[in-house]
Every structure is written in structure tokens, then in C-alpha cells.
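Encoded as C-alpha cells, here's the structure I'll be asking about.
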Amino acid sequence: MRGVFIGGIKAVGSFPEIKPGERLKLTGDYISHPKYGKQFKIESFTIIHPTVTGDIIKYLGSGLVKGIGPSTAEKIVSKFGDKTLEIMDQNIDRLLQIDGIGRIKLKLIKKSWKDQQAIKDTMIFFQSLDLSSGTSLNIYKTYGKDSIKIVQDNPYQLTYDIRGIGFKTADTIARKAGFEEDNPKRIKAGIIYVLNEAANDGHVYLPLDILIEKCFGLLNVDLKDSPNC
């Protein structure tokens with residue numbers, strides 16, 4: 001989603017579809033758009049799950065969780081009240097106490113709820129790395145539930161798989177994740193970046209000495225001396 005009206009002002013940015021009953025805590029800056037006037041540009045956000053029973057019913061019955069429609073949501077909240085989401089997180093098997101939920105449907109609900117939690121955890125993780133909500137969503141759309149694992153293992157993989165994420169962005173993520181300057185994955189990504197930049201300038205190859213020089217300027221690693229090269 002690209003925009004939402006908050007207090008009469010349009011907030012713009014990328015974030016997941018907002019479900020009924022949810023609220024968002026937004027971080028960003030006010031800007032003046034030449035056509036649309038005053039707007040709030042979103043840099044990051046936090047999804048605030050509902051705590052009032054009426055909002056919880058809307059939230060669960062919105063289609064968010066497969067296997068739970070409006071009537072089932074009412075039954076669940078009638079049973080567990082404002083503790084419903086806590087039970088969904090910590091003891092979801094208690095849904096078997098609800099009329100109409102058997103083990104087959106519970107299995108479907110569990111998987112769907114787990115998928116929703118994975119999205120939330122992924123967005124929180126990427127925001128801790130100071131990634132924009134739009135970039136975070138692009139990563140999740142590419143890697144799904146494996147997003148955190150892939151980025152922790154090799155942030156430079158982003159440069160190969162996701163349009164709009166270049167070496168410098170991946171390098172910033174990697175440094176925050178504790179990657180050293182001479183990490184082989186960083187060196188490989190740096191070499192590919194330098195070669196791609198040369199290709200974009202019309203070159204079909206680079207002499208080795210020039211490649212080493214340009215990589216040193218980018219990586220601050222002398223490829224001739226590095227044991228990882």
C-alpha cells in the first residue's frame with residue numbers, strides 16, 4: 001500500500017495492507033508535494049494490534065487468517081475476550097474449545113497465523129537495520145519467510161536478486177550485521193559491482209591492475225594481499 005489518510009493528512013510510503021482493527025505508528029517527516037500539498041513521508045512503521053474486543057473481532061474476521069471468518073472471530077473473542085491475540089500467539093491449541101474448529105481447521109489457522117507473524121517479525125528486523133518500509137517489503141516479497149535467514153547469511157545476495165538494491169545498500173546492511181571488510185562474500189559482490197559499473201560505461205573488460213585498483217577504492221581491501229581472494 002502506498003498511502004493512507006491520517007488526521008486529514010495523507011501519509012505516503014510502502015507498508016503491508018492494513019487490516020480492520022489495526023493501527024499504525026508511523027515515523028517520518030512532513031513534506032510539501034507540489035501537486036498534493038502537505039503529506040507525511042513514511043520512513044518506518046510499527047503495526048499496533050487491536051486490544052479492544054470489537055476491534056479484535058474485525059481484525060480476525062477480516063480474512064487475515066485462513067479458517068477464521070467474521071462469525072468464527074466473534075465466537076473466539078466471545079470466549080477469550082481481550083486475551084484473544086495473546087492466546088493466538090502462546091496457546092493457539094485452545095481454539096479447539098471453539099464450536100466449529102476441529103483439528104483440520106486448527107492446522108490451517110496455525111499456518112496462516114504463523115505466516116502473518118513471520119511478516120511482522122521480518123519487518124521489525126529490517127527496520128532495526130534502518131531499511132525503509134518499501135525496501136523491507138521488496139525483500140519479503142522476494143524471499144518470504146526465509147528473508148531474515150538469507151540476509152543474515154549474505155546481505156550481498158540482495159544485489160543479485162532485488163532490483164533497486166545495489167552494492168552500497170547491501171554493504172551498509174552487512175556492516176551493521178557485523179561483516180568484516182575482507183569477508184569473501186563482500187569481496188565477491190564488490191568485484192561484480194565494479195565490473196558491472198565498467199560494463200555500464202561501455203567497457204567489455206577491465207585490465208587486472210585497474211580492476212584491483214577500483215576494488216581497493218570501493219572495498220578498502222587490497223585484493224593482491226587478501227587471503228580471501
Exercise. Looking only at heavy atoms, which two atoms of Lys168 and Tyr193 are closest? And how far apart?
Worked result: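 In terms of heavy atoms, the two residues are closest at CE-OH, 3.9 Å.
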For this session: Calculate, to the nearest 0.5 Å, the distance between atoms CD1 and CD1 belonging to Ile92 and Ile101 respectively.
Result: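 It is 9.0 Å, given to the nearest 0.5 Å.
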Problem set entry | Co-membership, hydrophobic cluster, residues Ile139 and Phe125, 4.5 Å side-chain |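 Linked, Ile139 and Phe125 end up in one cluster.
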Exercise. Does a side-chain heavy-atom distance below 4.5 Å link Phe40 with Ile31?
Worked result: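 Contact flag for Phe40/Ile31 side chains = no.
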Exercise. Any side-chain heavy atom of Asn220 within less than 4.5 Å of one from Phe216?
Worked result: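 A side-chain contact exists here, since the closest heavy-atom pair is under 4.5 Å.
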For this session: Find out whether Tyr160 and Ile192 are in side-chain contact, i.e. whether some heavy atom of one side chain is under 4.5 Å from a heavy atom of the other.
Result: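 Yes. Closest side-chain heavy atoms under 4.5 Å.
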Exercise. Any chain of hydrophobic side-chain contacts (each under 4.5 Å) joining Tyr143 to Leu137?
Worked result: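 No, it is not one cluster - the side chains of Tyr143 and Leu137 are not joined through contacts under 4.5 Å.
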For this session: Establish whether Val77 and Leu64 are linked, either directly or via other cluster members, by ILVMFWY side-chain heavy-atom contacts under 4.5 Å.
Result: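 Same cluster: Val77 reaches Leu64 through Ile, Leu, Val, Met, Phe, Trp or Tyr contacts under 4.5 Å.
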Exercise. For the side chain of Arg186 and the backbone of Asp171, is there at least one donor-acceptor N/O pair under 3.5 Å apart?
Worked result: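 Not a single qualifying donor-acceptor pair exists.
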Problem set entry | Which atom of Ala170 lies closest to which atom of Thr159, heavy atoms considered |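 Looking at all heavy atoms of both residues, the shortest contact is CB-CG2, 3.5 Å.
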Exercise. Are Thr72 and Leu60 side-chain neighbours, meaning at least one heavy-atom pair lies under 4.5 Å?
Worked result: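 No, too far: nothing below the 4.5 Å cut-off.
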For this session: Grab the two heavy atoms, one from Ile173 and one from Pro155, that are nearest each other, plus how far apart they are.
Result: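 Distance-wise, the nearest heavy atoms are CG2-CB, 4.1 Å.
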For this session: Might you confirm whether atom CD of Glu180 has over 12 heavy atoms from other residues, nucleotides or ligands at distances under 6.0 Å?
Result: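 Open: at most 12 neighbouring heavy atoms sit under 6.0 Å from CD of Glu180.
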Problem set entry | Separation of Glu197 CD from Leu218 CG (nearest 0.5 Å) |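 One gets 9.0 Å once the value is rounded to the nearest 0.5 Å.
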Exercise. Below 4.5 Å, heavy atoms only, C-beta onward: do Lys105 and Ile68 meet side chain to side chain?
Worked result: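 No, side chains not in contact.
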Exercise. After noting the C-alpha distance and the side-chain angles of Lys114 and Lys145, does the key distance pass the side-chain contact (heavy atoms from CB on, under 4.5 Å) rule?
Worked result: CA-CA 10 Å; Lys114 184 177 180 181; Lys145 60 181 173 47; over 6 Å; no
For this session: Could you pull out the closest heavy-atom pair between Leu108 and Lys66, with the gap in Å?
Result: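 Taking Leu108 first and Lys66 second, the nearest heavy atoms are CG-O, 3.8 Å.
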Exercise. Between OG1 of Thr84 and CD1 of Ile57, what distance do you get to the nearest 0.5 Å?
Worked result: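 Output value for this atom pair is 8.0 Å.
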Problem set entry | Glu213 CD: over 12 foreign heavy atoms closer than 6.0 Å |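 No, CD of Glu213 has 12 or fewer neighbouring heavy atoms, counting only those of other groups under 6.0 Å.
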For this session: Determine the minimum heavy-atom distance between Phe80 and Leu95, stating which atoms define it.
Result: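 Residues Phe80 and Leu95, closest heavy atoms: CE1-CD2, 4.0 Å.
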Problem set entry | Donor-acceptor under 3.5 Å (Ser112 side chain, Ile109 main chain) |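 Looks like no, no N/O pair under 3.5 Å.
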For this session: Assess whether salt bridge (charged side-chain N to carboxylate O under 4.0 Å, His left out) is satisfied between Lys149 and Asp153, documenting all intermediate values.
Result: CA-CA 6 Å; Lys149 180 179 181 299; Asp153 180 63; 5.9 Å; no
Exercise. Quick one: does Lys176's side chain have a donor or acceptor within less than 3.5 Å of a partner on Leu129's backbone?
Worked result: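 Confirmed, Lys176 side chain pairs with Leu129 backbone.
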For this session: Assess whether atom NZ of Lys214 is packed by more than 12 heavy atoms of other residues, nucleotides or ligands within 6.0 Å.
Result: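 Open: at most 12 neighbouring heavy atoms sit under 6.0 Å from NZ of Lys214.
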Exercise. Does a side-chain heavy-atom distance below 4.5 Å link Leu219 with Val194?
Worked result: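 Heavy-atom side-chain distance check fails, nothing below 4.5 Å.
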Exercise. Do any N or O atoms from the side chain of Thr122 and from the backbone of Ala118 form a donor-acceptor pair under 3.5 angstrom?
Worked result: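 At least one qualifying donor-acceptor pair exists.
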Exercise. Does the side-chain contact (heavy atoms from CB on, under 4.5 Å) test come out yes or no for Tyr30 and Gln39, once each step is laid out?
Worked result: CA-CA 6 Å; Tyr30 286 101; Gln39 296 181 333; over 6 Å; no
Exercise. Is Ile165 linked to Leu195 within one hydrophobic cluster, defined over Ile, Leu, Val, Met, Phe, Trp and Tyr using a side-chain heavy-atom separation of less than 4.5 Å?
Worked result: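 In one cluster: no.
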For this session: Determine whether Val52 and Asp82 make a side-chain contact, defined as any pair of heavy atoms from C-beta on separated by less than 4.5 Å.
Result: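 A side-chain contact is absent here, since even the closest heavy-atom pair is not under 4.5 Å.
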Exercise. Just by modelled atom types, is the Lys35 backbone N or O under 3.5 Å from a matching donor or acceptor in the His33 side chain?
Worked result: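 Yes; at least one donor-acceptor contact below 3.5 Å.
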Problem set entry | Flag side-chain contact, heavy atom, 4.5 Å: Ser136 against Met123 |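 The answer is yes, as the side chains (C-beta and beyond) meet within the 4.5 Å cut-off.
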Exercise. Taking 4.0 angstrom as the limit, do Asp93 and Lys110 come out as a salt bridge?
Worked result: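 Answer for the salt bridge query: yes.
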For this session: Rounded to the nearest 0.5 Å, what's the gap from OG1 on Thr142 to CD1 on Ile150? Could you check?
Result: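 Answer rounded to 0.5 Å: 9.0 Å.
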Exercise. Step by step, would you call Thr135 with Ile162 a side-chain contact (heavy atoms from CB on, under 4.5 Å)?
Worked result: CA-CA 9 Å; Thr135 299; Ile162 301 178; over 6 Å; no
For this session: Report whether Tyr140 and Ile148 are members of the same hydrophobic cluster (ILVMFWY, side-chain heavy atoms less than 4.5 Å apart, transitive linking).
Result: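 No.
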For this session: Nearest 0.5 Å please: distance from the CG atom of Asp99 over to the CD1 atom of Ile76.
Result: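 Atom-to-atom, Asp99:CG and Ile76:CD1 are 11.5 Å apart.
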For this session: Flag this pair as yes if the NZ/CZ of Lys185 is under 6.0 angstrom from the six-membered ring centre of Phe179 and inside a 45 degree cone about the axis; otherwise no.
Result: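 No, a cation-pi geometry is absent between Lys185 and Phe179.
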For this session: Compute whether any side-chain donor of one residue and acceptor of the other, for Asn183 and Tyr156, lie under 3.5 angstrom apart.
Result: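 No - no donor-acceptor pair under 3.5 Å links their side chains.
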Exercise. When rounded to the nearest 0.5 angstrom, what is the spacing between SG in Cys215 and CD1 in Ile210?
Worked result: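 If I round to the nearest 0.5 Å, the distance is 12.0 Å.
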For this session: Please report the closest heavy-atom contact between Leu96 and Leu106, naming both atoms and the distance.
Result: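 Closest approach of Leu96 to Leu106, heavy atoms only: CG-CD2, 3.6 Å.
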Exercise. Do Gln117 and Asp89 have side-chain atoms, one donor and one acceptor, less than 3.5 Å apart?
Worked result: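 A pair is found: one side chain offers a donor N or O, the other an acceptor, under 3.5 Å apart.
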